[in-house]
Amino acid sequence: MSVLDRSALEESPLADLHAIASELSVDGYRRLRRADLINSIVAHQLGEEAPKPTEPSSRAEPSSRAEPSSRAEPSSAAEDKEDKEDKEDKEEQPPARRRRGRRGGRGRAESHDDADGGAQDGDPEQTPVAAESEQTEDEPAPAEATIAEGVVVLLPNGSGFLRVHPPDPSDDDVYISAAQVKRCELLSGDTISGPPRAPRRSERFPSLVRVDTINGRPAGEVAEGSRFDDLPAAFPDERIRLGSEDPTVKAIEWLTPFGKGSRITIVGPTRAGKTEALRRLANSLAEHSELQLSVVLAGVRPEELADWQEGPLQPVAAVSFALSPDVQAHVIEPVVDTARRLAARGGDVVLLIDTLAGLPPLAARKTLAAARNIVGGGSLTVIATATEPVGGETTVIALDAALAGMGRFPAIDLVTSGTIRPERLVGEAAAEAIARARIEAAEQD
């Protein structure tokens, strides 16, 4: 669905319609009724002359003096809808004075960094509806001059920010209304672009007028895209180069290569070093800005959670091994669902999970099966630890507990490790070299 077609406009809040009309330089748009405003926006897009606004029925009554109260009431169902949506927009972003009355002005002391946690919900410096009411009719409408591009970060209240310099917030960030987030089904991690308008007098940040592209594709095309499960998949053919000098990571890269869309399990018995290997991979993958990384900890030790929190990637969800298998599966499921939607939109997502060992078998297979290389689109790569292969992997990294116990790294068991169709990732010559190394390892055993 295009943001600016008639059906989208009819479903848009009044604040968004005013923002679009301002961007299109519609004359006197604040005096127009909702239906006339939509007609004028459509006409301006087509380069046609705007239709003449309809006259309110209350103004045509000759006996207006006898019934003064009639002007104070909505004259049509359209006005009822306009008032209702205007009220909803104000509730979504309450004015500064209302916030101070309820919370003692606490919002004024919140920094831009605090907006990540939902401070923008009622932020006195970002209230588009209140700002529009203060702007006079003769004030010139802001002109669209630039295109903002960045990464979406959603807030708990449903709105969000376009981070121009991700992952850190900055004064150049652009506010995204909750209506735009809902209309375009935006997710945290989406890369979007669109024209911003300058902040009005009571706003802190510029506001996004519309969403033009999502992950490099037109917004309308993304919104009408196919379901993830219906998208065609192919064996991974784009290798993820780790480029690390860490001996374990280096051995994994060259002996068990994997690519975008791979299903990878790091397997081995207790104390084989599975979590440590996954954390080292995560540190290397964090250097790839084109990848969208997420870490989920399900069934880990409290000490391991502390180790993860000290690294460059913070877990998006974490539960200890004390909880039931069903609870662990429940924690992983929404993260996998978000990753699937990002991949369906053309993003390259990597999901690291520690561990699948405590999940019910069906849940573990379902989680791993989400990984795929979408033909002509994005990819979802899943790297998870487990005590043994789950089934359906494209790459298995088997660790040797005996080698790890003696401190001999890399502790990779070449005989039971391997990658399906490695030639698609490293070429025929390198694939043959990997095969020879595995044969030599088997002969030594």
Side-chain angles (χ1 to χ4, degrees), residues 188 246 248-249 252 256 258 262-286 292-340 349-371 380-413 416-417:
S188 290
D246 182 276
T248 298
V249 176
I252 290 173
T256 55
F258 58 86
S262 293
R263 288 183 291 276
I264 307 147
T265 53
I266 303 174
V267 301
T270 304
R271 297 188 298 277
K274 300 185 293 293
T275 296
E276 180 62 26
L278 183 66
R279 190 161 52 246
R280 294 186 184 189
L281 280 176
N283 292 339
S284 297
L285 291 169
Q292 301 178 50
L293 305 180
S294 294
V295 176
V296 182
L297 305 181
V300 298
R301 304 178 183 91
E303 296 82 3
E304 292 169 340
L305 174 58
D307 288 343
W308 276 103
Q309 290 175 335
E310 294 174 358
L313 290 175
Q314 298 298 309
V316 296
V319 292
S320 74
F321 65 91
L323 298 181
S324 69
D326 289 337
V327 172
Q328 295 179 32
H330 182 71
V331 168
I332 292 176
E333 185 176 353
V335 182
V336 173
D337 183 61
T338 299
R340 284 159 52 100
V349 186
V350 177
L351 182 58
L352 301 106
I353 303 173
D354 190 17
T355 173
L356 298 179
L359 270 62
L362 181 59
R365 289 196 298 271
K366 182 179 179 181
T367 299
L368 193 63
L380 171 54
T381 306
V382 174
I383 309 176
T385 63
T387 53
E388 58 185 18
V390 174
E393 293 94 336
T394 57
T395 297
V396 174
I397 303 170
L399 302 182
D400 190 321
L403 292 177
M406 293 184 292
R408 295 177 58 185
F409 296 98
I412 295 179
D413 183 353
T416 54
S417 300

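Every heavy atom of this structure was used, including side-chain atoms; hydrogens, water molecules and symmetry mates were not.
To the nearest 0.5 Å, the span separating OG1 on Thr385 from CG on Leu399 amounts to 10.0 Å. From Ile353, atom CD1 reaches atom CG of Leu278 across 9.5 Å, with rounding to the nearest 0.5 Å. The structure places CD of Glu333 at 10.5 Å from OG1 of Thr338, a figure rounded to the nearest 0.5 Å. Atom CD1 of residue Ile266 and atom CZ of residue Arg280 lie 11.5 Å apart, to the nearest 0.5 angstrom. Taken from CG in Leu359 to NE2 in His330, the straight-line distance is 12.5 Å, to the nearest 0.5 Å. Taking CD1 of Ile397 as the reference point, atom OG1 of Thr248 lies at 10.5 Å (rounded to 0.5 Å).
Residues Val396 and Pro389 approach most closely at CG1-CG, 4.3 Å, considering heavy atoms. Among all heavy-atom pairs drawn from Pro269 and Ala401, the shortest one is CG-CB, 3.6 Å. When every heavy atom of Ile332 is checked against every heavy atom of Ala298, the shortest pair comes out as CD1-CB, 3.8 Å. Closest non-hydrogen pair, Ala411 versus Ala404, comes out as CB-N, 3.7 Å. Nearest heavy-atom pair across Leu281 and Val249 is N-CG2, 4.1 Å.
In this structure, Lys366 contributes its side chain and Pro361 its backbone to no donor-acceptor pair below 3.5 Å. The backbone N or O of Thr381 sits nowhere less than 3.5 Å from a side-chain atom of Ser262 that would complete a donor-acceptor pair. Listed for the Arg263 side chain is a donor-acceptor partner under 3.5 Å among the backbone atoms of Ala371. Using a distance-only test at 3.5 Å, with no hydrogens or angles considered, no donor-acceptor pair links the side chain of Lys274 to the main chain of Ala386. Using modelled atom types, no side-chain atom of Glu393 and backbone atom of Thr265 make a donor-acceptor pair closer than 3.5 Å. Judged purely by atom type and a 3.5 angstrom limit, Gln328 has no side-chain atom pairing as donor or acceptor with the backbone of Val319. Of the possible polar contacts, one joining the Ser417 side chain to the Ala398 backbone as a donor-acceptor pair under 3.5 Å is found.
Put simply, the side chain of Leu351 reaches to within 4.5 Å of the side chain of Val336, judged on heavy atoms. At a threshold of 4.5 Å between non-hydrogen side-chain atoms, the residues Trp308 and Val300 do not count as touching. No side-chain heavy atom of Ser284 sits less than 4.5 Å from a side-chain heavy atom of Asp246. Using a 4.5 Å cut-off on side-chain heavy atoms (C-beta onward), Ile383 and Val350 make contact. The closest side-chain heavy-atom distance from Ile412 to Asp400 is not below 4.5 Å. Residues Ile264 and Val382 fail the side-chain proximity criterion, which asks for heavy atoms closer than 4.5 Å. Counting heavy atoms from C-beta outward, Ile252 and Phe258 have side chains that approach closer than 4.5 Å. Contact check for Leu297 versus Glu304: no side-chain heavy atoms found under the 4.5 Å cut-off.
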- Under the side chain to side chain contact (heavy atoms under 4.5 Å, CB included) criterion, do Arg340 and Leu380 qualify, and how do the steps go? CA-CA 7 Å; Arg340 284 159 52 100; Leu380 171 54; 4.0 Å; yes

